[in-house]
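For reference, the structure discussed in these notes is given below.
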Amino acid sequence: MANTLGRFYVTTPIYYMNAQPHLGHAYTTVLCDVMARYHRLWGDDTYFLTGSDEHGDKIAQAALACGESPQAFVDRLSAAFRETWVRLGISSDDFIRTTEPRHQAVVQRILQEIYDRGDIYFGSYGGQYCLGCERFLTERELVDGRCPDHGTEPTRIEEKNYFFRMGKYQDWLVAYLTEHPEVLQPEQYRGEVLAFLRSPLEDLCISRPKSRLTWGIPLPFDEDYVTYVWFDALINYISALGYPEGERYARYWPVCHHVTAKDILKPHAIYWPTMLHAAGIPMYHALRVHGYWGVDQAKMSKSRGNVVRPLELSDKYGVDAFRYFVIREMTFGQDASFNEEAFVTRYNAELANDLGNLLNRTLHMVGRYCEGMIPAPADEPGAERQAFIERALATPAQVQRAIEQWNPQAAVLTTLELVRAANLYLEQRAPWAAFKRGDVAQVNTTLYDVAEALRWVALLLHPVMPGKMAALWQALGQEGTPRWPDEVAWGILQPGAATRRGEVLFPRQELALDEAANQA
Ligand code: MSP
């Protein structure tokens, strides 16, 4: 979706602080980081939020199991998440924790607002409660009496609670999602939500009695209750912006893009819009939903012992290789399966071979034939050259379109095609043979063109692999960091610039399976 305001706000879900970060969390966070970095590269005023969801039953129980207080427990896990993001090169602008006073104050304010408007009432409720989902499941959601997501039998709970009149906003929500198809994409997920909304929408239980759970934000209108964790958590997206008076709220809320996997579609596509509407807050700009990572065609789970830890992979193969792989491998919206062998194969074929070798060969020839300096191209309009430059010229717009359409995989693949075109061009023009013939113009023009294409690659893939692409940029004798669009023009590369041959950009990797680490 084109961003007309020149501003971009992107959010990850705030992850539950009941376990260490794994591949799924890392994927969403890297994806949001890549999107934020493209927008920053284009000069958009960009804000990127992530954070931690720290209240609720699940966390209270996990803390108990570890013999820690809930606060000490979430402090420890939240620090582990933050450290992981730093090590994965995540450029978030803020990290919100739901135990922070700045968040709690906004949750209480919104609860009071909706209560005063008459959309929160007190009532009795008996239902099937799933601890994993932290919500009551309706009869039609159960499969053979079990939660379809957790495979566990829900617990029957009867208690008095507060309810949000969510059902009242069903018609509004259906109309909104129908009239604004771009708000919820890919289409299959919008279809799922609209199908769900064909049956009556029940009101949402938004409290938990303190007699059962104390680890939550107190309701401002009844001290015997705390807030249901989802009602608390969703509000992070605006509390972090300083809602309602905050300057950041005014600036970024109109361009908010939420990103989640399909597991939490319902809270984001149903609870959150109706909560916003009831509180008189404008709807978010977009919700983008991606599929689920499995491992070797199976579900990733602790009990299976196949949980993929992102830091283990980035320590072994490099952070940029990890980022590249997850973005390149998953088609946005569809499920994907992780396999370490496939990771190493892709790395060797695409990064070590296609891109890394192209750079090595180019630098080697520039060293041998041009004294290590970018040569000046001859004004030579041959057909091969014309075709190659045209291929290059088409790439930035294709990358930009792919990113605007939330298809980062296509942005990577289209850049990879440019790399392959440069390899082909090098073969066709064989500067090594031209050198032997003494055809200096052909040598210089070819090496210039390939170096210029590589400079573009450094720029086009910078958001995906910031460290490696900065190294590529510098290897070509460029200073500072790439800028777009100023530097996406053919011929910006200055002849005479001194290339730098440092370490090999993408050394070949061997598969290094570590079974012991996987069991931990
Ligand atoms: N705390 C809630 C979110 C509140 S947002 C207001 C929550 N936390 S979670 O820790 O369970 O994170 C769920 C999210 O983690 C998914 O939506 C997705 O972003 C990411 N993933 C977790 N496992 C995943 C996969 N196996 N595959 C892809 N993404 C996954 O739900």
Side-chain angles (χ1 to χ4, degrees), residues 10-33 35 49-60 62 74 77-78 80-81 84-85 88 90 95-99 103 106-107 110 130-135 149-150 189 215-217 227-241 256-273 275-276 284 287-302 304 306-310 325-327 329-339:
V10 67
T11 67
T12 73
I14 48 169
Y15 306 108
Y16 281 130
M17 292 300 111
N18 61 349
Q20 296 284 336
H22 62 54
L23 173 67
H25 308 121
Y27 172 71
T28 315
T29 312
V30 167
L31 169 74
C32 289
D33 185 66
M35 299 307 284
L49 176 69
T50 187
S52 51
D53 192 351
E54 305 191 350
H55 289 128
D57 274 338
K58 238 199 279 201
I59 288 164
V74 295
L77 278 163
S78 167
F81 269 79
T84 301
W85 301 153
L88 291 183
I90 302 303
F95 187 102
I96 182 131
R97 302 182 56 184
T98 54
T99 48
H103 172 73
V106 177
V107 171
I110 288 176
C130 172
L131 187 65
C133 296
E134 298 227 18
R135 65 185 181 91
D149 288 341
H150 296 92
Y189 297 113
W215 186 238
I217 300 177
T227 311
Y228 166 48
V229 67
W230 269 107
F231 201 96
D232 157 356
L234 288 159
I235 290 173
N236 90 87
Y237 299 132
I238 55 175
S239 67
L241 296 180
C256 174
H257 296 71
H258 294 312
V259 182
T260 75
K262 62 184 184 181
D263 56 337
I264 48 175
L265 176 60
K266 222 176 272 172
H268 282 83
I270 298 177
Y271 303 176
W272 185 222
M275 283 165 64
L276 288 167
Y284 53 73
L287 171 60
R288 295 289 171 264
V289 183
H290 65 74
Y292 237 52
W293 281 96
V295 177
D296 301 328
Q297 312 299 329
K299 211 176 153 177
M300 182 166 52
S301 75
K302 241 185 174 169
R304 279 198 175 89
N306 65 351
V307 176
V308 177
R309 300 291 173 199
F325 180 75
V326 292
I327 296 297
E329 198 65 13
M330 183 174 254
T331 305
F332 194 88
Q334 293 171 22
D335 290 348
S337 181
F338 182 83
N339 171 284

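Both counts, for ligands and for their atoms, begin at 1 and track the order of listing. Nothing fancy with the numbering, it's 1 onward along the sequence.
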Heavy-atom distance to atom 30 (C) of ligand 1: which of Gly24, Ala336, Ser301 wins? Gly24
Going by the angle between their ring planes, with limits at 30° and 60°, are Tyr284 and His258 parallel, tilted or perpendicular? perpendicular
Between Cys32, Ser52, Gly291, flag the one that comes closest to atom 28 (C) of ligand 1 by a heavy atom. Gly291
Could you list the atoms of ligand 1 found under 4.0 angstrom from a heavy atom of Asp53? 1 (N), 2 (C), 4 (C)
Does Thr98 use its side chain to pair, donor to acceptor, with the backbone of Ala233 at less than 3.5 Å? no
Ser337 side chain vs Asp296 backbone, donor-acceptor pair below 3.5 Å: yes
Short N or O distance, His268 and ligand 1, threshold 3.5 Å exclusive: no
Considering only protein heavy atoms, which is closest to atom 6 (C) of ligand 1, and at what distance to one decimal place? Tyr237 OH, 3.5 Å
With the threshold set at 4.0 Å, does a side-chain nitrogen-carboxylate oxygen contact exist between Lys58 and Glu134? no
To atom 19 (O) of ligand 1, the nearest of Thr28, Asp335, Val229 on a heavy-atom basis is Thr28
Answer yes or no for Lys299: is there a heavy-atom contact with ligand 1 below 4.0 Å? no
Within the side chain of Trp230, is there an N or O that forms a donor-acceptor pair under 3.5 Å with the backbone of Trp272? no
Considering distance alone, does some N or O of Ala261 sit under 3.5 Å from an N or O of ligand 1? yes
Indicate, as side chain, backbone, both or neither, the part of Trp230 found under 4.0 angstrom from ligand 1 when only non-hydrogen atoms are considered. side chain
Any donor-acceptor pair under 3.5 Å linking the side chain of Asn18 with the backbone of Ile59? no
State if His22 counts as touching ligand 1 under the rule of any non-hydrogen atom under 4.0 Å. yes
Is there any N or O on Thr260 that sits under 3.5 Å from an N or O of ligand 1? no
Considering only the protein, which heavy-atom contact is closest to atom 12 (O) of ligand 1, and what is its distance? Tyr15 CD2, 3.5 Å
Please identify which atoms of ligand 1 are closer than 4.0 Å to at least one heavy atom of Met300. 26 (N)
Kindly say whether Lys299 contributes a backbone atom to a donor-acceptor pair with the side chain of Asn306 at under 3.5 angstrom? yes
For ligand 1, which atoms, with element, lie under 4.0 Å from some heavy atom of Ile264? 3 (C), 17 (O), 31 (O)
List the closest protein heavy-atom neighbour of atom 27 (N) of ligand 1: residue, atom name, distance to the nearest 0.1 Å. Trp293 N, 2.8 Å
My understanding is that we take every heavy atom of each candidate and find the minimum distance to atom 13 (C) of ligand 1. Doing that for Val326, Asp263, Thr11, Leu265, which one comes out nearest? Asp263
Let's go through Glu54 and His103 carefully: what are the C-alpha distance in whole Å and the side-chain angles of both, what is the deciding distance for side chain to side chain contact (heavy atoms under 4.5 Å, CB included) to 0.1 Å, and is it a yes or a no? CA-CA 11 Å; Glu54 305 191 350; His103 172 73; over 6 Å; no
Using a strict cut-off of 4.0 Å, indicate which atoms of ligand 1 neighbour a heavy atom of Ala233. 6 (C)
Look at atom 3 (C) of ligand 1 and say which protein heavy atom is nearest, naming residue and atom and giving the distance to 0.1 Å. Ile14 O, 3.1 Å
When you measure from the side chain of Arg309 to the backbone N and O of Pro21, does any donor-acceptor pair fall under 3.5 Å? yes
List the atom of Pro267, the atom of Leu234, and the distance in Å for their closest heavy-atom pair. O-CD1, 3.7 Å
Is Tyr292 near ligand 1, meaning one of its heavy atoms is under 4.0 Å from it? yes
If only atom types and distance count, is the side chain of Thr227 paired as donor or acceptor with the main-chain N or O of Ile217 below 3.5 Å? yes
Contact with ligand 1 for Trp272, non-hydrogen, under 4.0 angstrom: no
Please check if the distance between the ring centroids of His268 and Tyr237 is under 6.0 Å. yes
With respect to Tyr16, determine whether any N or O atom, backbone or side chain, lies less than 3.5 Å from an N or O atom of ligand 1. yes
Does Leu265 offer a backbone N or O that forms a donor-acceptor pair with the side chain of Tyr189 under 3.5 Å? no
